[in-house]
Amino acid sequence: KLLHQYIRNGIVEKWLVSISTESIVYVCLNQVVISVVAKATQMVHMPVYLSSVFNLVITMALLWIMSKIIVNTKLKRLIGK
């Protein structure tokens, strides 16, 4: 119940809604960001399971930051909004 309330009324819900409303940014930049983050973690020589989790967290954070920058500036013309 506690987790459900956190997801329902908190940051996770807002984040998931922003992904759906700004999905074009995620579609356009997803592979580029994943590739860059994966190359960066390969240079650090982390264990595979740890690097996978790290890749996911960093990729989602970077995509969120980039979507906020693109949607809230004139760069949104770049993606056709």
Side-chain angles (χ1 to χ4, degrees):
K1 255 184 168 177
L2 182 62
L3 182 62
H4 179 68
Q5 288 176 340
Y6 177 72
I7 291 172
R8 190 86 168 126
N9 299 321
I11 297 169
V12 176
E13 180 183 22
K14 291 177 186 173
W15 175 59
L16 291 174
V17 168
S18 75
I19 289 175
S20 67
T21 57
E22 300 161 4
S23 63
I24 190 70
V25 176
Y26 285 85
V27 169
C28 293
L29 298 175
N30 188 37
Q31 192 60 44
V32 173
V33 174
I34 288 173
S35 298
V36 170
V37 172
K39 291 289 184 190
T41 55
Q42 285 177 357
M43 292 170 36
V44 178
H45 300 293
M46 292 182 177
V48 174
Y49 63 91
L50 188 60
S51 68
S52 297
V53 172
F54 185 75
N55 286 349
L56 174 66
V57 171
I58 297 301
T59 298
M60 293 308 293
L62 287 174
L63 285 171
W64 181 78
I65 291 167
M66 293 171 83
S67 72
K68 293 300 173 196
I69 291 170
I70 290 173
V71 169
N72 295 322
T73 63
K74 291 183 180 182
L75 287 173
K76 62 185 162 189
R77 292 183 183 166
L78 183 67
I79 58 166
K81 276 193 161 190

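Residues: numbered from 1 along the sequence shown.
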Lys68 and its side chain to side chain contact (heavy atoms under 4.5 Å, CB included) partner, picked from Ile70, Asn72, Ile65: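 Answer after filtering Ile70, Asn72, Ile65: Asn72.
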Which residue is it: Leu62, Leu63, Thr59? I am looking for the one with a side chain to side chain contact (heavy atoms under 4.5 Å, CB included) to Leu29.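 The single option meeting the side chain to side chain contact (heavy atoms under 4.5 Å, CB included) with Leu29 is Leu63.
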Shared ILVMFWY cluster between [X] and [Y], side chains joined below 4.5 angstrom?
| X | Y | result |
| --- | --- | --- |
| Met46 | Val33 | yes |
| Ile58 | Val44 | yes |
| Met60 | Val57 | no |
| Ile34 | Val37 | no |
| Ile69 | Trp64 | yes |

Show the nearest heavy-atom pair for residues Ser51 and Val48, with the distance to one decimal.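 Closest heavy-atom pair between Ser51 and Val48: OG-O, 2.9 Å.
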Determine whether Ser35 and Gln31 make a side-chain contact, defined as any pair of heavy atoms from C-beta on separated by less than 4.5 Å.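 They are in contact (side-chain heavy atoms under 4.5 Å apart), so the answer is yes.
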